[in-house]
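What follows is one structure encoded as structure tokens, with my remarks underneath.
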Protein chains: 2
Amino acid sequence: MNVLEQISLNLNKLSRSERKVADAILLSPKSAIHSSIATLAKLADVSEPTVNRFCRRMDTKGFPDFKLHLAQSLANGTPYLNRHVEESDSVDDYTTKIYEATMASLDRSRQMVDTVTINKAVDILTQAKKISFFGQGASASVAQDALNKFFRFNVPVQSFEDTLMQRMACINSTDGDVVILISHTGRTKTLVDLAMLAKENDATVIGITATDSPLAEECNLVISSEIPEDTDLYMPMVSRIGQLVIVDVLATGFTLRRGTKFRDNLQKVKQGIKESRYNKLI
Amino acid sequence: MNVLEQISLNLNKLSRSERKVADAILLSPKSAIHSSIATLAKLADVSEPTVNRFCRRMDTKGFPDFKLHLAQSLANGTPYLNRHVEESDSVDDYTTKIYEATMASLDRSRQMVDTVTINKAVDILTQAKKISFFGQGASASVAQDALNKFFRFNVPVQSFEDTLMQRMACINSTDGDVVILISHTGRTKTLVDLAMLAKENDATVIGITATDSPLAEECNLVISSEIPEDTDLYMPMVSRIGQLVIVDVLATGFTLRRGTKFRDNLQKVKQGIKESRYNKLI
DNA sequence: TATTGGATGTAAATAAATTACAGATAAAAT
DNA sequence: ATTTTATCTGTAATTTATTTACATCCAATA
């Protein structure tokens with residue numbers, strides 16, 4: 001769909017001259033959409049038909065059509081490219097890159113997300129006797145966030161950071177209880193253990209994790225959070241945010257399913273919080 | 001900037017024939033970007049130069065340029081509209097809406113974010129003797145996430161959820177310590193108290209919060225997280241994610257400032273985590 | 001009703017993109 | 001190492017699309 005991604009993805013499959021065209025476009029996509037095929041050909045130091053062939057190879061009808069696609073790609077938050085933070089980046093540079101990387105990956109996971117699975121998960125959650133959220137490391141804060149959200153719904157919900165507490169909670173779970181396990185990689189040993197424990201005790205296990213991972217194998221339902229993590233900086237960044245949005249979606253589905261009366265309760269909770277706040281002056 | 005808006009805005013200022021062109025385009029903008037000037041002229045039942053003149057009147061260079069602008073408008077036109085979740089929404093509907101609302105607000109906060117302030121914050125953080133992150137409710141998980149991130153940097157860092165612990169930590173802070181307080185509204189009483197306590201003890205207080213809030217007034221530096229929260233569902237959703245991205249930016253700035261040797265350490269931490277994981281089979 | 005100014009279309013000119021083809025290059029096979 | 005083959009690339013011709021110049025028309029005003 002996105003032409004810029006398409007280009008960078010197929011970069012190595014291109015011939016020498018076509019590669020020149022790709023480079024020229026990636027160097028300055030914004031100016032590319034305002035050039036004619038002749039200008040671009042000269043810029044890339046190739047012939048005009050080469051540019052045309054390049055466009056076709058990118059699954060477009062021709063040069064004008066290609067420009068249209070390019071324009072649309074650029075409109076969506078600008079470059080999806082070159083978003084790796086580099087040593088020499090200025091504050092503006094890395095700030096922009098991080099925001100864009102986050103948005104780009106959200107966009108991708110939106111396209112990937114399986115709403116059928118989401119719906120199933122909401123089904124399970126609405127019928128749960130008790131809901132538990134567990135994660136470790138970076139995913140622990142996602143679990144905590146989920147706790148905060150579902151706690152407002154006035155349903156039995158819990159979350160622990162401590163591994164032993166997590167294990168005990170899973171051992172104590174029974175039929176009708178739901179355990180949600182959050183892990184980007186799906187390879188954290190303690191989490192896989194939790195999944196097995198919970199399953200042994202007839203709890204329903206939902207994983208927000210990578211499909212085809214050891215954790216996924218132990219889950220009754222897997223919500224894929226497959227986001228290609230930018231590991232350049234050795235920190236979980238975008239993956240975590242993808243998980244959070246999934247939690248948001250689940251929580252929203254939950255409230256919608258519960259109906260209007262239920263949502264009045266939500267507002268009551270919010271009113272209750274107000275007491276602990278300074279009021280707005282206006 | 002947005003051509004579609006531009007058209008509908010100037011609709012009444014157009015001449016009869018040009019109005020026909022506008023109508024034809026508004027009727028089906030998507031097909032318009034794929035038509036030639038001849039096709040569009042026939043569709044609108046006007047001559048080709050009329051279409052061209054129409055394009056010029058819309059502040060574009062000509063027909064091809066107009067199509068480019070139109071394509072861009074279409075690309076990011078939809079998401080900003082009608083993104084409130086409604087009772088009758090299907091799974092697909094609310095999932096898409098939540099993703100789009102999140103991306104849209106990230107896009108907005110990217111444009112709002114003040115990199116000068118970010119830079120100052122990074123300055124302060126790199127020189128901190130000790131860093132503390134505090135938040136309450138939904139922002140507590142953001143604080144926890146920040147802890148997880150900065151803990152990898154091998155710097156003295158702490159975070160507590162408990163109010164009393166938070167107070168004690170602030171009372172024990174001294175000159176050179178940095179306290180980061182996270183609150184979407186900036187009106188949580190206990191957090192404002194924390195800011196005052198920390199300041200009394202000569203710690204530097206950074207707020208990730210709303211400008212012009214009581215909390216902001218007590219901070220040495222305020223990183224604005226002004227995201228218009230969609231309060232329809234009485235849950236903090238997008239605000240939290242905006243805060244997380246700000247944490248990401250700060251963490252990135254921190255590592256960049258610390259240089260390469262420092263980043264090797266990060267990789268070591270990541271290697272250390274690996275032991276607790278199932279390895280990938282490939 | 002004549003006149004003026006803008007709006008519109010026709011036809012010509014220009015510009016752009018595409019196709020067809022031929023030469024060049026690189027890889028594979030003898 | 002040389003020939004063959006397939007693929008790549010550029011030139012030139014063709015087609016298509018866009019723009020300009022100009023003539024005509026229509027509506028408004030005097």
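The chains referred to below are lettered A, B, ... by the order of the sequence lines, with proteins before strands, and numbering in each begins at 1.
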Atom of B/Thr95, atom of A/Val113 and distance for their closest heavy-atom approach: CG2-CG1, 3.8 Å
Charged N-O contact under 4.0 Å between A/Asp107 and A/Arg110: yes
Chain A footprint on DNA chain D, 5' to 3' - any atom under 4.0 Å from a heavy atom: D/dC8 to D/dT11
Length of the line joining B/Arg57:CZ and C/dG6:P, which is rounded to integer Å: 11 Å
Sorted by number, the residues of residues 44-53 of chain B with heavy-atom contact under 4.0 Å to DNA chain C: B/Val46, B/Ser47, B/Pro49, B/Thr50, B/Arg53
Qualifying residues under ring pair (Phe, Tyr, Trp, His ring centres under 6.0 Å), relative to B/Phe54, sequence neighbours excluded: B/Phe66
Sugar-phosphate, base or nothing in reach of B/Arg56, heavy atoms under 4.0 Å: sugar-phosphate
Rounded interatomic separation in angstrom, taking CG from B/Asp65 and P from C/dA16: 13 Å
B/Glu48 vs B/Lys42, salt bridge (charged side-chain N to carboxylate O under 4.0 Å, His left out): CA-CA, chis, key distance, verdict: CA-CA 8 Å; B/Glu48 297 176 23; B/Lys42 210 190 287 176; over 6 Å; no
Nearest-angstrom distance from the residue atom CZ of A/Arg16 to P of C/dA24: 15 Å
Value in whole Å for how far the C1' atom of C/dT19 lies from CZ of A/Phe63: 17 Å
Residue pair B/Arg257 / B/Asn119, side-chain donor-acceptor N/O under 3.5 Å: yes
Basic-acidic side-chain contact under 4.0 Å: B/Lys97, B/Asp93: no
Whole-Å gap separating C1' (C/dA15) and NZ (B/Lys61): 12 Å
